[in-house]
Amino acid sequence: MSITSTKPRSMDYPTDEESRKFEKINTAIHQSSEEASFFVANEIAELIRQRQKIGKNVVLGLATGSTPTKVYDFLVKFHKEEGLSFKNVISFNLDEYFPMSPDSIHSYVRFMNEHLFDHIDIKKENIHIPDGTLEKEDVKEYCSEYEAKIESYGGIDIQVLGIGRTGHIGFNEPGSSLKSKTRMVRLDRVTRLDAASDFFGLENVPSKALTMGVGTIMAAKRVILMAWGEGKAEIIKQAVEGKIKESVPATFLQYHDNCDFIIDHAASSSLTRIFTPWLTSECQWTDHLINKATIWLSEKLDKAILKLTNEDYNEHGMGSLVAEIGSAEHINLKVFNHLQRTITGWPGGKPNADDSSRPERKSPYPKTSLIFSPHPDDDVISMGGTLLRLVDQGHEVHIAYQTSGNIAVFDDEVIRFMDFATDIQQENTALQTQFKEVRAFLNNKLPGQVDSPEIQQFKGLIRKGEALAACRYCGVKESNAHFQNLPFYETGTVKKNPYTHADVKLTYDLLSKLRPHQIFAAGDLSDPHGTHRVCLQIIYEAMDQLVKEGAEWVNDCYLWLYRGAWQEWDISDMEMTVPIGPKDMQRKKNAIFKHQSQKDAAMFPGNDDREFWQRAEQRNKETARKYNALGMAEYEAMEGFVRYRF
């Protein structure tokens with residue numbers, strides 16, 4: 001027996017041609033980014049092999065960033081394990097920051113070498129990456145020569161692309177023209193914000209770049225654009241279904257006669273055939289789809305669910321649902337009752353109560369509740385109200401802090417803490433010497449330079465102390481705080497190592513020791529650097545191992561996924577919602593405030609420049625507002641959860 005999720009709800013949609021009628025670009029949806037990356041790598045490898053048989057070269061247009069890294073991993077694997085040669089490959093990269101030294105940790109030269117070129121047998125003279133070291137007056141001529149080189153090789157055979165939140169392809173920002181060629185561009189503020197965490201601060205991100213133009217990309221014989229994750233869903237919808245316009249450069253790809261968008265199911269979630277499939281063709285009306293469609297209709301018409309009429313359903317593509325169920329009243333009651341049953345003030349189950357229609361069981365009571373927090377503050381940011389409720393109601397709450405979070409601590413925090421320590425222990429010459437060494441290192445530290453192991457440790461200790469302060473405030477025993485410091489995270493850089501058996505074993509051992517009745521884990525997978533996603537996968541693998549070994553306690557364990565730091569679940573997906581009153585909302589914020597190193601300005605804010613407590617408060621209040629608008633009781637705020645079924 002193995003542990004698997006239930007069928008992803010976003011996959012409850014028809015896949016016939018009619019369902020794609022709103023899409024102007026061929027779009028292939030894969031279950032995961034890994035599956036999609038293998039598909040793309042396989043196509044590239046196949047073309048390389050075909051050309052080798054007839055003695056011809058392949059010209060590849062390559063992209064950087066997090067999107068294509070798995071494609072490059074698979075190409076390296078094909079080379080090492082299957083003997084795929086790249087001697088007939090000529091590559092042209094899309095772009096490079098300007099100015100940028102090739103040996104900088106931020107350069108795309110270094111990126112391509114680390115992810116691909118250093119691991120395959122491509123000829124060095126066949127590699128072309130825009131030169132970020134040019135004098136400004138030489139750029140125009142260089143860009144013309146770059147275009148001429150591409151043409152001299154017969155043009156690009158396959159151009160690989162990612163997509164930015166503004167719809168940019170390469171560094172072709174909004175406003176780029178269809179016929180633009182390789183040139184220098186000024187980077188949009190949103191693009192620079194997205195890169196800020198990689199550069200350890202917006203002020204370190206270059207304001208200019210060299211990029212192939214939209215016209216250069218459009219001249220490629222084949223274009224493959226890839227996108228992963230919920231964060232790309234809205235821009236994918238605009239690019240695939242929207243009007244062609246300069247403000248969204250990716251829409252120009254609608255003109256290309258051999259372009260495919262290869263995306264995972266999370267990135268597809270806003271496409272019409274996924275989000276509102278009843279608008280494209282006949283649907284198979286599952287319970288989840290009925291809930292989703294009714295909630296959508298209620299929100300669209302700004303009507304409470306119980307006020308929806310037959311005409312409302314008929315006029316918005318759901319006549320078949322009315323015909324199948326019988327009447328709007330039957331549908332409304334079905335969905336209303338479902339939503340009402342998701343609301344509970346007892347996230348650990350209400351003792352001595354009828355639990356037949358409650359999301360959690362009444363027994364055993366009290367429960368052992370284990371909360372996994374990828375970073376040291378995710379627990380209170382995403383489910384602080386529920387955490388407080390569990391403690392208040394007498395459950396034995398444990399918190400597993402999966403990573404140290406040390407790279408998210410500003411250098412000045414280390415100096416501040418060491419200042420305090422040296423003032424307290426003025427006679428400690430070893431500490432004084434250590435402080436001078438740390439200060440000297442930080443004074444000479446370059447943007448993005450990896451901290452020494454000693455400083456990484458100090459930063460981890462700062463975050464550990466803050467997490468313990470939050471535990472004390474929430475009433476969680478300090479002995480119930482488990483600092484896992486999963487090895488995959490401890491690189492000192494934004495880029496993490498792949499997780500290994502060591503990460504899984506740490507999680508397996510903790511689960512085996514505690515045998516929790518309920519687990520809470522982060523399902524907030526739009527975290528910019530993928531830490532949440534990796535941490536969740538580690539939990540899944542540890543649970544999978546326990547199931548295979550026949551651990552009986554797993555059969556009586558519920559796994560709840562929370563969100564909140566970066567996004568929120570759709571109302572139709574929520575299976576448990578915990579109301580938070582004004583007093584508990586303030587207590588939740590106070591718990592977040594204990595994480596002082598993340599207060600005022602976070603190292604990695606993502607695309608939202610508000611503080612985390614502000615994001616959490618707004619999202620929790622918005623969930624409550626939506627429930628109220630649907631006809632439910634009015635609450636101050638709510639936290640939502642989805643259950644993962646074994």
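- Here the rule is side-chain hydrogen bond (donor to acceptor under 3.5 Å, both in side chains) with Asp556, and of Gln518, His517, Arg361, Arg515 only Arg361 fits it.
- No side-chain heavy atom of Cys471 sits under 4.5 Å from any side-chain heavy atom of Asn480.
- No salt bridge links Asp570 with Lys292; every basic N to acidic carboxylate O contact stays at or beyond 4.0 Å.
- Of the charged side-chain nitrogens involved, none lies within less than 4.0 Å of a carboxylate oxygen, so that Lys513 and Asp509 do not count as a salt-bridged pair.
- In this structure a side-chain-to-backbone donor-acceptor pair under 3.5 Å is missing from Asn620 to Ala637.
- Remark: of the listed residues Glu611, Glu617, Gln618, Glu611 is the sole one forming a side-chain contact (heavy atoms from CB on, under 4.5 Å) with Gln614.
- Under the 4.0 Å criterion applied to side-chain N and carboxylate O atoms, Asp573 and Arg563 are not assigned as salt-bridge partners.
- A centroid separation of less than 6.0 Å is found between the aromatic rings of Tyr365 and His395.
- In this structure, Lys588 NZ and Leu387 CG are separated by 10.0 Å, a value rounded to the nearest 0.5 Å.
- Separating the CE atom in Met383 from the CD1 atom in Ile580 is a distance of 10.0 Å, to the nearest 0.5 Å.
- Of all the heavy atoms in Tyr508 and Ala542, the pair that sits closest is N-CB, 3.8 Å.
- Between the side chain of Arg619 and the main chain of Glu568, no donor-acceptor pair closer than 3.5 Å is present.
- Ion pairing between Glu413 and Lys459 fails under the 4.0 Å rule for side-chain N and carboxylate O.
- In terms of heavy-atom proximity, Ser269 sits nearest to Ile274 at CA-CG2, 3.9 Å.
- Close placement of the Tyr540 and Tyr644 rings is indicated, their centers lying within 6.0 Å of each other.
- Salt bridge annotation for Lys621-Glu636: present, with a cationic side-chain nitrogen under 4.0 angstrom from a carboxylate oxygen.
- In this structure, the side chains of Pro359 and Thr342 stay at 4.5 Å or more apart for every pair of heavy atoms.
- The side-chain heavy atoms of Pro487 and Tyr499, taken from C-beta on, include no pair separated by under 4.5 Å.
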side-chain contact (heavy atoms from CB on, under 4.5 Å) between Lys350 and Gln393, intermediate numbers included: CA-CA 9 Å; Lys350 187 174 184 178; Gln393 292 170 354; over 6 Å; no
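- The two residues Gly349 and Pro351 have their closest heavy-atom pair at O-CD, 3.5 Å.
- Below 30°, between 30° and 60°, or above 60°: for Phe641 and Phe520 the angle between ring planes is above 60°, a perpendicular geometry.
- Here the side chain of Asn628 pairs no donor or acceptor atom with the backbone of Ala624 at under 3.5 angstrom.
- Here CG of Leu536 is found 9.0 Å from CZ of Arg533. Values are rounded to the nearest 0.5 Å.
- Atom CD1 of residue Ile407 and atom CG of residue Asp451 lie 9.5 Å apart, to the nearest 0.5 angstrom.
- In the displayed structure, Asn443 atom CG is contacted under 6.0 Å by more than 12 heavy atoms of other residues, nucleotides or ligands.
- For CZ of Arg341, the number of neighbouring non-hydrogen atoms (other residues, nucleotides, ligands) closer than 6.0 Å is greater than 12.
- Residues Phe372 and Leu511 form a side-chain contact, since some pair of their non-hydrogen atoms from C-beta on lies under 4.5 Å apart.
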Can Lys445 and Ile455 be said to form a side-chain contact (heavy atoms from CB on, under 4.5 Å), step by step? CA-CA 12 Å; Lys445 182 181 173 184; Ile455 293 173; over 6 Å; no
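- One finds the CG atom of Leu370 at 10.0 Å from the CG atom of Leu559 (value rounded to the nearest 0.5 Å).
- In this view, Asp264 and Ser33, Trp228, Ala266, Ala267 satisfy the side-chain contact (heavy atoms from CB on, under 4.5 Å) rule, not counting sequence neighbours.
- In this structure, the side chains of Gln598 and Ile381 stay at 4.5 Å or more apart for every pair of heavy atoms.
- No donor-acceptor contact under 3.5 angstrom links the side chains of Asp379 and Tyr562, judged on distance only.
- The two residues Pro498 and Phe488 make their nearest non-hydrogen contact at O-CB, 4.0 Å.
- Between Lys599 and Glu466, none of the side-chain N atoms (NZ, or NE/NH1/NH2) sits under 4.0 Å from a carboxylate O, so this pair counts as no salt bridge.
- In the model, Glu490 has no side-chain atom that pairs as donor or acceptor with a side-chain atom of Asn485 under 3.5 Å.
- Between Asp355 and Glu360, the closest heavy-atom pair is CB-O, 3.9 Å.
- Salt bridge present: Glu575 and Arg645 bring a charged side-chain N and a carboxylate O closer than 4.0 Å.
- Under the 4.5 Å side-chain criterion, counting only non-hydrogen atoms from C-beta, Phe458 is in contact with Glu454.
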Could you check Ile236 against Ser268 for side-chain contact (heavy atoms from CB on, under 4.5 Å), going step by step and ending with a plain yes or no? CA-CA 7 Å; Ile236 287 294; Ser268 76; over 6 Å; no
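- Electrostatic pairing of Asp584 and Arg587 counts as a salt bridge here, judged by a charged N lying under 4.0 Å from a carboxylate O.
- Asp503 is not listed as a side-chain neighbour of Tyr489, based on a closest heavy-atom distance of 4.5 Å or more.
- Using a 4.0 Å cut-off between charged nitrogen and carboxylate oxygen, Asp377 and Lys594 do not count as a salt-bridge pair.
- Open room surrounds CD on Glu634; 12 or fewer heavy atoms of other groups in view lie less than 6.0 Å from it.
- For the 3.5 Å distance criterion, the side chains of His532 and Asp378 qualify, holding a donor opposite an acceptor.
- No more than 12 heavy-atom neighbours from other residues, nucleotides or ligands sit within 6.0 angstrom of CD on Glu552.
- Across all non-hydrogen atoms, the minimal contact from Cys535 to Thr403 is SG-CG2, 4.0 Å.
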Please assess His595 against Val380 for the test side-chain contact (heavy atoms from CB on, under 4.5 Å), listing each intermediate value before the final yes or no. CA-CA 10 Å; His595 295 271; Val380 289; 3.9 Å; yes
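- Taken to the nearest 0.5 Å, the OG atom of Ser104 stands 7.5 Å off from the CZ atom of Arg110.
- Looking at heavy atoms from C-beta onward, Met576 lies out of side-chain contact with Tyr558 at the 4.5 angstrom threshold.
- Here Glu234 does not pair with Arg165 in a salt bridge; the nearest charged N to carboxylate O distance is not below 4.0 Å.
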